[in-house]
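Have a look at the structure below before the remarks.
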Amino acid sequence: LFVHWPDMKTSLEEMTDAMKTLMQQGKILHYGLSNFTLEDTCRADDLLHVAAVQLPYSMVDKESEEMLLEAKKRGIGTMTYGSLGSGILTGAYRTIPTFGKMDARASFYHFFEEPMFSKIQKLLGVMDEIAAAHQATVSQVAIQWSVRQEFVDTAILGVSKEKHARQNCDTFTWEMDEEEMKKLDEAVENL
């Protein structure tokens, strides 16, 4: 069971006590935290071991990297979301799109705004070359980069089409070499 967002009205002690009760009752086997701070995750883990964390992480959003590394040190499983950068790492956006007011990409993500958008286009150029060399998709390059990070156990992907789900699964029918990973890492560092 994931506690998806911190509840500022409920203490970590009360939350972990509730998780412990659910475990004792056999209603859940494990619990995880999503979108908690590093400090709160460590405190919760000290109270009752956290089985997994779920955090945003991708080539264009590495803010959770320190927390993912700490989670691995503590024996906490790591799940990342946003591996495709809200779609920008699929290669589908080569010009700045106009999103509707209700679309989270319009206000929540800075990937679709300058100067970040142009920097990401340079990264996509590197991804295009690697994808072409493997007859793969740009999305597959992004997914493979994410899951090959030593601190990522699972990358969560959202799709709306069966075709995209199948393409994502095909990510694991080929493998980038170390030189390609190095090229990507260098391009990511330039964001």
Quiz item: Do Ser118 side-chain atoms and Pro115 backbone N/O form a donor-acceptor pair below 3.5 Å?
Solution: no

Practice problem: Report yes if the side chains of Met59 and Met127 come closer than 4.5 Å at any heavy-atom pair, otherwise no. | Solution: yes

Quiz prompt | Side chain proximity check, Lys72 to Thr78, heavy atoms < 4.5 angstrom | solution = yes

Quiz item: Given side chains that start at C-beta, do those of Leu69 and Glu150 come closer than 4.5 Å, heavy atoms only?
Solution: yes

Quiz prompt | Gap between atom NE2 of His164 and atom NZ of Lys161 - 0.5 Å precision | solution = 5.0 Å

Self-check item: Charged N-O contact under 4.0 Å between Glu178 and Lys183
Solution: no

Quiz item: Do His134 and Glu180 touch side chain to side chain, with heavy atoms closer than 4.5 Å?
Solution: yes

Quiz item: How are the rings of Tyr57 and Trp145 set relative to one another: parallel (under 30°), tilted (30 to 60°) or perpendicular (over 60°)?
Solution: parallel

Quiz item: Does atom CD of Gln135 have more than 12 heavy-atom neighbours, drawn from other residues, nucleotides or ligands, at distances under 6.0 Å?
Solution: no

Quiz item: Do Ser146 and Ile143 come close enough that some side-chain heavy atom pair is under 4.5 Å?
Solution: no

Practice problem: Using a strict cut-off of less than 4.0 Å between a Lys/Arg side-chain nitrogen and an Asp/Glu carboxylate oxygen, indicate whether Asp40 and Arg43 qualify as a salt bridge. | Solution: yes

Quiz item: Side chain of Asn35, backbone of Trp5: donor and acceptor closer than 3.5 Å?
Solution: no

